[in-house]
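Written out below as structure tokens is the structure these notes cover.
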Amino acid sequence: MRLWSLHPSILDRAALVACWREGLLAQKVLAGGTRGYTRHPQLTRLRAHPDPESAIGAYLRGLQEEATARGYRFDASRILRPAPVSDLDPIPVTAGQLAYELEHLRRKVAARAPEWLPQLPPGEDEGGGAIPAHPLLTVVPGDVEEWEVRTA
């Protein structure tokens with residue numbers, strides 16, 4: 001499961017579609033609709049929110065809005081609690097987590113959709129500025145999040 005912290009506009013088609021699918025799974029887990037994935041580390045930050053089900057709803061809504069802007073049809077009726085981001089407390093995400101995810105996405109995009117690489121913002125090591133986060137998230141200083149499962 002990968003619930004990207006990056007702004008949905010940065011995600012290539014495959015990442016956006018996969019994130020939607022995995023976000024729907026996370027919604028099901030948080031609503032108690034499945035026994036699988038209940039201990040998945042990606043759910044840590046959503047569970048810490050005062051209203052986890054509305055938080056995942058707002059997260060999914062952000063993905064659905066980006067998909068619509070691109071002409072994709074993500075069924076918004078599948079979002080159980082489509083709360084506007086402005087109605088919720090933001091979830092903190094560290095700048096280090098965003099940098100880690102951007103490099104992770106860059107590796108994936110280089111292999112599957114190199115034409116999307118110019119859409120990605122420059123990383124910190126390339127003199128880039130702040131990496132845009134999902135609208136539900138607010139960036140705070142720090143290294144990669146403790147819940148992140150790092151890959152080589």
Side-chain angles (χ1 to χ4, degrees), residues 1-113 116 119-121 130-152:
M1 180 183 295
R2 167 64 61 188
L3 299 175
W4 294 97
S5 304
L6 300 169
H7 194 282
S9 65
I10 296 173
L11 304 178
D12 68 316
R13 182 196 54 78
L16 186 62
V17 170
C19 193
W20 172 253
R21 184 183 67 244
E22 292 167 3
L24 290 172
L25 173 60
Q27 176 180 249
K28 191 171 185 178
V29 171
L30 292 170
T34 182
R35 293 182 356 183
Y37 293 96
T38 58
R39 296 182 193 266
H40 199 285
Q42 288 274 327
L43 298 176
T44 301
R45 61 184 163 182
L46 291 165
R47 281 204 174 99
H49 193 275
D51 187 355
E53 290 181 53
S54 291
I56 190 62
Y59 182 86
L60 287 165
R61 186 174 174 173
L63 298 175
Q64 190 273 330
E65 288 172 356
E66 176 62 26
T68 298
R70 294 189 197 183
Y72 306 153
R73 288 186 227 150
F74 287 12
D75 182 2
S77 71
R78 298 186 70 189
I79 304 172
L80 301 178
R81 289 194 186 165
V85 168
S86 59
D87 289 355
L88 298 174
D89 294 335
I91 296 175
V93 64
T94 60
Q97 180 66 29
L98 287 171
Y100 174 80
E101 289 186 21
L102 179 59
E103 292 313 308
H104 184 63
L105 180 62
R106 192 179 308 282
R107 286 190 303 274
K108 289 182 165 291
V109 167
R112 71 179 172 224
W116 189 261
Q119 302 293 323
L120 299 180
I131 300 167
H134 186 287
L136 178 62
L137 308 178
T138 186
V139 183
V140 297
D143 197 6
V144 177
E145 300 279 358
E146 289 184 23
W147 48 258
E148 178 63 67
V149 178
R150 297 185 193 213
T151 59

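Across all their heavy atoms, A133 and V139 have their closest contact at CB-CG2, 3.9 Å. Residues A31 and L80 come closest through the heavy atom pair CB-CD1, 4.3 Å. Nearest heavy-atom pair, P132 versus I10, reported as atom, atom and distance to 0.1 Å: CG-CD1, 3.4 Å. The two residues R61 and P82 make their nearest non-hydrogen contact at NH1-O, 3.0 Å. Among all heavy-atom pairs drawn from L102 and P121, the shortest one is CD2-O, 3.5 Å.
Under the 4.5 Å side-chain criterion, counting only non-hydrogen atoms from C-beta, H134 is not in contact with W4. Considering only heavy atoms from C-beta on, T68 stays 4.5 Å or farther from F74 through its side chain. Counting only heavy atoms from C-beta outward, the side chains of L11 and V17 never approach each other to under 4.5 Å. Taking 4.5 Å as the limit, some side-chain heavy atom of P135 sits within range of a side-chain heavy atom of P8. R81 places a side-chain heavy atom less than 4.5 Å from the side chain of D51. Here the side chains of L137 and R45 are in contact, with some heavy-atom distance below 4.5 Å. With a 4.5 Å cut-off on side-chain heavy atoms, L16 and R70 count as touching.
No donor-acceptor contact under 3.5 angstrom links the side chains of Q97 and S5, judged on distance only.
In this structure, CG on L60 lies 11.5 Å from CG on D75, to the nearest 0.5 angstrom. Between the NE2 atom of H49 and the CG atom of D89 there is a distance of 5.0 Å, given to the nearest 0.5 Å. Of the inter-residue distances, the one linking Y59 atom OH with L136 atom CG reads 9.0 Å to the nearest 0.5 angstrom. For the atom pair CD1 of I56 and NZ of K28, the computed distance is 14.0 Å after rounding to the nearest 0.5 Å. If you take CD on E145 and OH on Y100, they are separated by 12.5 Å, rounding to the nearest 0.5 Å. Rounded to the nearest 0.5 angstrom, L98 CG and L105 CG are separated by 11.5 Å.
Enclosure of atom CZ in R47 by more than 12 non-hydrogen atoms of other residues, nucleotides or ligands within 6.0 angstrom is indicated. Counted within 6.0 Å of CZ on R13, heavy atoms from surrounding residues, nucleotides or ligands total 12 or fewer; the atom is thus considered open.
In this structure, Y37 and H40 have tilted ring planes: the angle between them lies in the 30° to 60° band.
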In sequence, state the C-alpha distance, the side-chain angles, and the governing distance for E101 and R2, and then conclude on side-chain contact (heavy atoms from CB on, under 4.5 Å). CA-CA 10 Å; E101 289 186 21; R2 167 64 61 188; 3.7 Å; yes
Tell me, with the steps shown, if W116 and K108 meet side-chain contact (heavy atoms from CB on, under 4.5 Å). CA-CA 10 Å; W116 189 261; K108 289 182 165 291; over 6 Å; no
Criterion salt bridge (charged side-chain N to carboxylate O under 4.0 Å, His left out) on E103 and R107, from CA distance to verdict: CA-CA 6 Å; E103 292 313 308; R107 286 190 303 274; 5.6 Å; no
Under the criterion side-chain contact (heavy atoms from CB on, under 4.5 Å), I'd like the reasoning laid out for T94 against D143: C-alpha separation, chi angles, the key distance, then a yes or no. CA-CA 6 Å; T94 60; D143 197 6; 5.9 Å; no
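The side-chain contact (heavy atoms from CB on, under 4.5 Å) test with L3 singles out one residue from L43, L63, L25, and that residue is L43.
In this structure, the side chain of E66 does not engage the main chain of H7 through any donor-acceptor pair within 3.5 Å.
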